Number of protein chains: 2
Amino acid sequence: MDGYDKHAFEPFAVTVDLAVFTIREGALHVLLVERGQEPYAGRWALPGGFLRPDESAERAARRELGEETGLTDVTGLHLEQLRTYSEPGRDPRMRVVSVAFAALLPDAPEAHGGGDAAQARWTPYDAARELAFDHDRILADARDRIGAKLEYTGLATAFCPPEFTLGELQQVYETVWGTTLDRPNFRRKVLATPGFVEAVPGAARLTGGRGKPAALYRAGTAAALHPPLLRPVPEGRPA
Amino acid sequence: MDGYDKHAFEPFAVTVDLAVFTIREGALHVLLVERGQEPYAGRWALPGGFLRPDESAERAARRELGEETGLTDVTGLHLEQLRTYSEPGRDPRMRVVSVAFAALLPDAPEAHGGGDAAQARWTPYDAARELAFDHDRILADARDRIGAKLEYTGLATAFCPPEFTLGELQQVYETVWGTTLDRPNFRRKVLATPGFVEAVPGAARLTGGRGKPAALYRAGTAAALHPPLLRPVPEGRPA
DNA sequence: CCTTTAATAGTCGCACTGACTATTAAAGGG
DNA sequence: CCCTTTAATAGTCAGTGCGACTATTAAAGG
């Protein structure tokens with residue numbers, strides 16, 4: 001009931017933090033910024049910043065992304081709330097509640113510092129360790145969430161350009177899940193799932209490859225995949 | 001990067017709101033409180049309240065639940081973050097950012113008002129309309145989330161007492177999804193999914209029923225169901 | 001033109017599932 | 001004490017999805 005009626009309310013600083021993913025050279029990359037100020041000056045961190053009084057967390061997330069990394073007017077950006085981190089002590093200086101977002105980008109435009117960030121850089125996911133604040137945790141949570149949502153949503157297309165080949169889409173799954181998938185089976189499954197992708201008639205990707213050019217597809221309209229595309233179980237999983 | 005370094009930060013009021021569900025008499029019920037204060041005095045709302053400076057949102061959620069509804073020491077309570085609502089104007093008096101939670105309870109202990117709440121009451125989900133603030137939206141989001149999570153997690157057991165029959169578990173699915181399920185098939189599926197439930201040896205529910213008493217089960221240890229228990233597609237869904 | 005590379009097509013068998021039917025085990029009324 | 005009622009549990013069968021393959025096709029480039 002937003003019950004501020006009787007008790008005095010304590011003011012909090014509210015920030016947004018972004019875990020922005022893309023796929024580069026077959027590896028999952030995360031956008032990081034180097035902190036220019038204490039605390040954690042010189043450490044890498046997730047981009048983010050303060051919520052302004054007139055904007056929602058979603059708007060703040062897009063704004064900060066542009067300010068700190070130069071990624072502006074990112075049309076293909078998929079942005080979704082992850083969760084909110086509110087443990088006392090997560091910031092050494094004051095009480096900060098942070099709304100975390102996970103974001104996906106198709107291609108990887110170069111990033112540069114700005115705002116509070118000394119510099120910004122795409123970093124391989126596995127190399128993004130020992131970040132400032134509790135950002136290691138946020139980043140791991142974001143990756144888990146993305147991996148899980150690939151199973152039952154068409155989210156993977158958010159990593160792809162507007163038109164993409166099935167091979168590129170498969171690469172997304174293999175990269176995020178860290179597995180390999182059988183190509184014919186992947187193809188059959190994707191095409192059999194209504195609303196996942198739709199063919200672009202008569203188009204083929206001509207990008208310098210040596211073999212037969214692949215047909216192009218666009219993201220479909222379905223939000224959820226029925227049936228889902230289940231992740232292969234790691235060895236020895238079954239109870 | 002929690003970038004409060006250069007810009008002045010604006011203070012916000014931070015609250016938690018709870019959508020607490022249970023199943024009563026075969027229908028999904030939600031815990032609501034009647035507001036004792038303006039704004040929205042006399043209107044029904046989700047329980048919740050201010051975050052204190054020394055507690056996380058999760059702890060605040062449990063505390064407010066106890067204060068406003070008398071539901072304290074709820075051992076079987078499942079509590080999970082839904083999302084954070086931060087649109088400007090969602091509270092007519094000040095800038096409030098609210099961390100919303102979805103919660104599930106096995107049985108339904110009676111609730112009574114307290115704290116900021118004039119009274120508290122279990123309300124059938126379908127009758128919970130025109131709530132204060134944006135709580136209609138939060139409630140709908142929570143219900144969607146719960147319904148979806150039933151598919152691929154063992155969450156349904158959170159609606160059940162520590163020991164339950166497969167019939168009771170099936171009732172949870174049918175109630176939340178608004179469908180009917182074939183009993184033998186449901187049984188087969190649940191028992192074939194490793195870690196979903198485990199049998200309580202030699203126990204049977206004797207509660208006054210007329211027919212053969214059902215065997216009892218406990219919640220299993222698996223967090224995710226492999227394979228998931230997919231919701232039947234509504235008529236005419238396939239594209 | 002011929003080799004290479006990758007996309008696409010097709011096959012086979014098992015496991016899962018939806019839609020059923022049949023059986024069993026107790027409770028409670030007569 | 002039996003017999004009806006109620007519900008749990010067991011079993012059947014066909015269609016389908018999917019993993020693991022093999023085979024074919026289409027272009028690029030030397």
Side-chain angles (χ1 to χ4, degrees), chain A residues 26 150-152 160 163-174 177 179-197 199-217 225-239, chain B residues 26 150-152 160 163-174 177 179-194 196-197 199-217 225-235 237-239:
Chain A
L150 287 191
E151 291 196 336
Y152 54 93
C160 297
E163 299 191 342
F164 52 86
T165 70
L166 294 186
E168 291 167 346
L169 187 65
Q170 183 177 346
Q171 265 257 325
V172 171
Y173 279 91
E174 294 182 334
W177 285 349
T179 58
T180 63
L181 299 172
D182 180 82
R183 203 196 304 256
N185 289 344
F186 180 82
R187 170 192 190 73
R188 177 180 54 182
K189 183 78 171 89
V190 168
L191 296 181
T193 303
F196 192 1
V197 300
V200 179
R205 168 137 302 174
L206 301 174
T207 50
R210 268 187 291 265
K212 173 179 176 180
L216 288 180
Y217 295 84
L225 302 186
H226 280 284
L229 206 164
L230 295 181
R231 184 170 0 192
V233 287
E235 296 305 317
R237 261 306 306 293
Chain B
L150 287 191
E151 291 195 337
Y152 54 93
C160 298
E163 299 191 343
F164 52 87
T165 70
L166 293 186
E168 290 168 346
L169 188 64
Q170 182 176 348
Q171 265 257 323
V172 171
Y173 280 91
E174 293 181 335
W177 285 349
T179 58
T180 62
L181 300 172
D182 179 83
R183 204 197 303 250
N185 290 342
F186 180 82
R187 168 191 191 77
R188 177 180 55 182
K189 184 78 170 84
V190 168
L191 296 181
T193 303
F196 193 178
V197 299
V200 179
R205 168 136 302 173
L206 301 174
T207 50
R210 268 184 292 263
K212 173 180 177 181
L216 288 180
Y217 295 84
L225 302 186
H226 281 284
L229 206 164
L230 295 180
R231 187 173 353 196
V233 288
E235 296 303 319
R237 259 307 304 292

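The chains referred to below are lettered A, B, ... by the order of the sequence lines, with proteins before strands, and numbering in each begins at 1. The model shown is predicted, which means the values in this text are computed figures rather than measured ones.
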Just the table, please: protein N/O against nucleotides 1-4 of chain C N/O, every pair under 3.5 Å.
none

Quickly work out the [X] [atom1] to [N] [atom2] distance and round it to whole Å.
X: A:Arg187; N: D:dG17; atom1: CZ; atom2: C1'; value: 18 Å
X: A:Lys212; N: D:dA27; atom1: NZ; atom2: C1'; value: 8 Å
X: A:Asp182; N: D:dG19; atom1: CG; atom2: P; value: 8 Å
X: A:Leu191; N: D:dG17; atom1: CG; atom2: C1'; value: 15 Å
X: B:Gln170; N: D:dA7; atom1: CD; atom2: P; value: 13 Å

- Pairing stems for DNA chain D [at least three consecutive pairs; Watson-Crick or G-U; under 3.5 angstrom]: C:1-30 with D:1-30
- Query: Who pairs with A:Gln170 by side-chain hydrogen bond (donor to acceptor under 3.5 Å, both in side chains), at least two apart in sequence or on another chain?
  - Reply: A:Glu174
- Query: Taking only residues two or more places apart in sequence, or in another chain, which ones meet B:Phe186 in a ring pair (Phe, Tyr, Trp, His ring centres under 6.0 Å)?
  - Reply: B:Tyr173
- Sub-4.5 Å side-chain heavy-atom contact between A:Leu181 and A:Pro232: yes
- Query: So do A:Thr193 and A:Leu229 actually touch side chain to side chain, heavy atoms under 4.5 Å?
  - Reply: no
For nucleotides 13-17 of chain C, which of its nitrogen or oxygen atoms have a protein nitrogen or oxygen under 3.5 Å away, and what is each distance?
from	atom 1	to	atom 2	distance (Å)
C:dT17	OP1	B:Lys189	NZ	3.1

- Task: Over all heavy atoms of both residues, which pair between A:Trp177 and A:Glu151 is shortest? Give the atoms and the distance, please.
- Result: CZ2-CG, 3.5 Å
- Query: Closest heavy-atom contact between A:Lys189 and A:Pro228?
  - Reply: NZ-O, 3.2 Å
- Under the side-chain contact (heavy atoms from CB on, under 4.5 Å) test, which residues partner B:Pro184, sequence neighbours left out? B:Asp182
- At what distance, to the nearest 0.5 angstrom, does OG1 of A:Thr165 lie from CD of A:Gln171? 9.0 Å
- Message: To the closest 0.5 Å, what do you measure between CZ (B:Phe196) and NE2 (B:His226)?
- Response: 13.0 Å
- Query: Touch check for A:Pro184, heavy atoms < 4.0 angstrom, all strands: base, sugar-phosphate only, or nothing?
  - Reply: base
